[in-house]
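Remarks on the structure that follows.
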Amino acid sequence: NETFQGKMKNYCKTGVYAELQVQFKTGTVLLVRTKSTPSERSRAKIEDGFRSISLAQVKWSTPIRVNGTLQFATGFKHLVV
């Protein structure tokens, strides 16, 4: 059971865009867990696509630089809602 850090940047009903510290192959299925503060949770709604935990498949992953650090821009598709 490995844990990888990242930052969710956007979400919709079908998936999530996040910037991760590691790259995953297209097709990889992961359990994606989101941590947030209570004030952030009150703004995020499930009908808008927000999930605090989701089984998701990597649709694409691209290396990017964020503040001089290598990250991986990653698109996920929710598999279980």
Side-chain angles (χ1 to χ4, degrees):
N1 293 340
E2 292 185 70
T3 301
F4 302 97
Q5 299 296 315
K7 190 174 223 182
M8 181 171 58
K9 299 301 234 172
N10 197 353
Y11 61 89
C12 66
K13 291 180 182 181
T14 59
V16 173
Y17 164 71
E19 293 172 356
L20 308 177
Q21 296 175 345
V22 295
Q23 187 170 33
F24 292 97
K25 290 182 182 180
T26 299
T28 301
V29 176
L30 299 169
L31 181 65
V32 178
R33 182 173 155 228
T34 305
K35 295 181 182 181
S36 63
T37 64
S39 63
E40 289 171 332
R41 265 194 217 121
S42 64
R43 292 184 305 216
K45 297 180 181 174
I46 196 163
E47 55 268 12
D48 295 330
F50 179 80
R51 308 283 185 271
S52 59
I53 192 163
S54 173
L55 191 60
Q57 182 179 41
V58 175
K59 298 307 281 180
W60 52 268
S61 182
T62 303
I64 60 170
R65 289 260 172 213
V66 177
N67 299 324
T69 303
L70 181 63
Q71 299 282 311
F72 297 91
T74 307
F76 294 96
K77 178 183 177 186
H78 295 303
L79 296 179
V80 177
V81 177

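Bear in mind the structure is a predicted one, so any value in this text is a computation, not a measurement.
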Checklist entry - Are Leu30 and Val58 close enough, and set up right, to give a side-chain contact (heavy atoms from CB on, under 4.5 Å), and what steps lead you there? => result CA-CA 8 Å; Leu30 299 169; Val58 175; 4.2 Å; yes
Residues in side chain to side chain contact (heavy atoms under 4.5 Å, CB included) contact with [X], at least two apart in sequence or another chain:
{"X": "Lys7", "result": "Lys9"}
{"X": "Leu31", "result": "Ile53"}
{"X": "Lys59", "result": "Gln57, Lys77"}

Checklist outcome for this item: In terms of heavy-atom contacts, Thr62 and Gln23 come closest through N-NE2, 4.3 Å
Item to check | Considering all heavy atoms, the nearest Ser54-His78 contact | outcome: OG-ND1, 2.8 Å
Checklist entry - In the hydrophobic clustering (ILVMFWY, side-chain contacts below 4.5 Å, transitive), which residues join Ile64, or is it alone? => result Tyr17, Trp60, Val66
Checklist entry - Under the ring-ring contact (aromatic ring centres under 6.0 Å, His included) test, which residues partner Phe24, sequence neighbours left out? => result Phe4
Item to check | Gln21: side-chain hydrogen bond (donor to acceptor under 3.5 Å, both in side chains) partners, not counting sequence neighbours | outcome: none
Next on the checklist: Walk me through whether Phe76 and Leu55 qualify under side-chain contact (heavy atoms from CB on, under 4.5 Å).
Outcome noted: CA-CA 9 Å; Phe76 294 96; Leu55 191 60; over 6 Å; no
Under 3.5 Å, side-chain donor or acceptor atoms of residues 67-75 against the rest of the protein: list the pairs with distances, not counting sequence neighbours.
{"residue": "Thr74", "atom": "OG1", "partner": "Phe72", "partner atom": "O", "Å": "3.0"}

